[in-house]
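Computed over heavy atoms, backbone and side chain alike; hydrogens, waters and symmetry mates excluded.
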Amino acid sequence: MKINGIPYRTIWPTSDNTAVEIIDQTKLPHIFTTLRLENMRDAERAIREMQVRGAPLIGVTAAYGVALSMRDHASDTALAATCSVLLASRPTAVNLRWGVERMRTVLAPLSANERADAAWQEAARIADEDVSINAAIGRHGCEIIRAVYQNKVGQRKKDSVNILTHCNAGWLATVDWGTALAPVYAAFDAGIPLHVWVDETRPRNQGASLTAWELGQHGVPHTVIVDNAGGHLMQHGMVDMAIVGCDRVTARGDVCNKIGTYLKALAAHDNGVPFYVALPTPTIDWTLQDGVKEIPIEERAAEEVTHIAGLCEDGQVRTVRLTPQGARAGNYGFDVTPARLVTGLITERGVVKADAGAMRVLMP
Ligand code: MRU
């Protein structure tokens, strides 16, 4: 995707292949800056502090973290230690485990001398695969948006297709294209009139800061709404469909995504609004069934709830307190939407019902 007309990915190797660079997402939308990751600790910190975030991008960054580590120490002990540090950086997105385990599987049978080059190549392959997977999600999802548009035209409804999304599952959450937003970009580029309702997504505001920024860069019409507005819009026929991303999907189709997704799915169900989840198949955790009971939910620092950062009139980004001094805050990062509330899973291999039988075609 492009930033001020220049094509970027969210992570890329430096030209001399000694490090990787990322877009620092903690600074967006007010400051665009890139960061250099030189070793595994840099990669681990980037994931933990959410300089990179979004399930697929976390997985790719972890893969590069393993590759950076193999440059320094490539023994069996170093490989095992690297994998366990990276695996502990964020708990919910299964893509992290998927990326690390794929690297381990490729590297474990090799001699220590062979590992550094092989790791670099495998991480690059994972990154490239993410891009083509997301492009395919875009093509499949575009056909759904097209069908919704044609249906509106048939009913002589003249406005654009109104799509609600939660958090950021755009290109910033992946290497390129995004998951939930890949169909939006594909449909927009195909000339289908559309408009996106962007949930602000408290507490870290990935919708207000990241989704609004990247949609704006691509010229996609959008409106930021507070997290509580979605139900009202659906009751008034102002949402034609919802598309969200996800951090882990169980083998029976329960979907774990950013906190608040479940409430949107309930409202969509109550109002007959189709609720789609877009995902690359590595986001499916085939070892789990009941998402509510089995998926670990990240709990983050209370300060993300009690405080908020923003751009001040003097051009400085500052953080201010929202709650009374000493107020206790809970910060649950994700929730689980039961499969019964999901209209369909948009994957790189097609659109599939969120149930165990239908999902079997997606098994690796
Ligand atoms: O905490 P974050 O910003 O990493 O959460 C991101 C999300 O919840 C996304 O919706 C999800 O990872 C899908 S990304 C394509």
Side-chain angles (χ1 to χ4, degrees), residues 8-25 34-76 78-110 112 114-135 137 171-179 245-248 279-285 348 364:
Y8 272 90
R9 285 183 172 188
T10 53
I11 187 165
W12 63 95
T14 54
S15 51
D16 57 1
N17 271 341
T18 57
V20 288
E21 286 192 70
I22 57 165
I23 296 170
D24 182 354
Q25 300 194 24
T34 61
L35 273 177
R36 204 176 146 94
L37 311 182
E38 310 227 333
N39 52 48
M40 179 268 283
R41 287 285 168 195
D42 288 348
E44 188 266 337
R45 188 180 332 104
I47 297 170
R48 189 168 26 80
E49 294 182 1
M50 295 178 67
Q51 290 163 329
V52 291
R53 28 68 52 206
L57 180 55
I58 291 171
V60 174
T61 307
Y64 269 116
V66 175
L68 288 166
S69 179
M70 292 299 99
R71 297 261 162 110
D72 299 330
H73 305 283
S75 65
D76 287 355
L79 178 60
T82 297
C83 292
S84 60
V85 167
L86 289 164
L87 284 171
S89 54
R90 283 194 78 189
T92 300
V94 78
N95 310 59
L96 173 66
R97 186 180 82 201
W98 177 87
V100 169
E101 294 308 339
R102 177 159 153 181
M103 294 297 283
R104 198 200 310 258
T105 304
V106 168
L107 299 178
L110 303 181
E114 295 169 313
R115 282 181 181 159
D117 284 350
W120 201 256
Q121 284 162 19
E122 190 62 16
R125 206 171 292 130
I126 292 174
D128 287 345
E129 278 175 24
D130 183 64
V131 178
S132 46
I133 283 174
N134 299 330
I137 290 172
W171 75 272
L172 287 169
T174 64
V175 179
D176 207 348
W177 290 112
T179 58
C246 58
D247 290 78
R248 203 184 287 227
L279 63 140
T281 50
T283 304
I284 304 171
D285 185 342
E348 76 275 17

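Atom CZ of R53 sits about 9.0 Å away from atom CG of D247, to the nearest 0.5 Å. Rounded to the nearest 0.5 angstrom, R90 CZ and N95 CG are separated by 11.5 Å. With values rounded to the nearest 0.5 angstrom, I133 atom CD1 is found 5.5 Å from T281 atom OG1. We find the CZ-CD distance between R9 and E21 to be 14.5 Å, quoted to the nearest 0.5 Å. Between the CD atom in Q51 and the CD1 atom in I22 there is a gap of 5.0 Å [rounded to 0.5 Å]. L79 CG to R104 CZ: the interatomic distance, rounded to the nearest 0.5 Å, is 6.5 Å.
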(request) Verify side-chain contact (heavy atoms from CB on, under 4.5 Å) between E38 and L68, making sure each step is shown before the conclusion. (result) CA-CA 7 Å; E38 310 227 333; L68 288 166; 5.9 Å; no
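Taking all atoms of both residues into account, the shortest heavy-atom contact from P13 to V20 is CA-CG1, 4.0 Å. Contact between I137 and P280 at its shortest, heavy atoms only, is CD1-N, 3.6 Å. Shown here for W171 and T10, the closest heavy-atom pair between the two residues is O-CG2, 3.3 Å. Nearest approach of A62 to L96, heavy atoms of both residues: CB-CD1, 3.3 Å. When every heavy atom of A123 is checked against every heavy atom of A67, the shortest pair comes out as CB-CB, 4.3 Å. When all heavy atoms are compared, the tightest approach of A93 to A55 is CB-CB, 3.7 Å.
In this structure, the side chain of R115 engages the main chain of A108 through a donor-acceptor pair within 3.5 Å. When atom types are taken as modelled, the side chain of R248 and the backbone of T92 share a donor-acceptor pair closer than 3.5 angstrom. Listed for the S89 side chain is no donor-acceptor partner under 3.5 Å among the backbone atoms of R48. When atom types are taken as modelled, the side chain of T14 and the backbone of A19 share a donor-acceptor pair closer than 3.5 angstrom. Side-chain atoms of E44 do not come within 3.5 Å of backbone N or O of V85 as any donor-acceptor pair. Here the side chain of D130 pairs no donor or acceptor atom with the backbone of I126 at under 3.5 angstrom. With hydrogens and angles disregarded, no donor-acceptor distance shorter than 3.5 Å links the side chain of Q25 to the backbone of M50. In this structure a side-chain-to-backbone donor-acceptor pair under 3.5 Å is present from T61 to L57.
Test R71, M70, R125 against W120 for side-chain contact (heavy atoms from CB on, under 4.5 Å) and you get one pass: R71. Only one option out of D176, I23, V175 pairs with I11 in a side-chain contact (heavy atoms from CB on, under 4.5 Å); it is V175.
At least one side-chain heavy atom of N39 sits less than 4.5 Å from a side-chain heavy atom of D72. Contact check for V66 versus E122: no side-chain heavy atoms found under the 4.5 Å cut-off. The side-chain heavy atoms of I284 and L279, taken from C-beta on, include a pair separated by under 4.5 Å.
Within a 6.0 Å radius of CH2 in W177, no more than 12 heavy atoms belonging to other residues, nucleotides or ligands are found.
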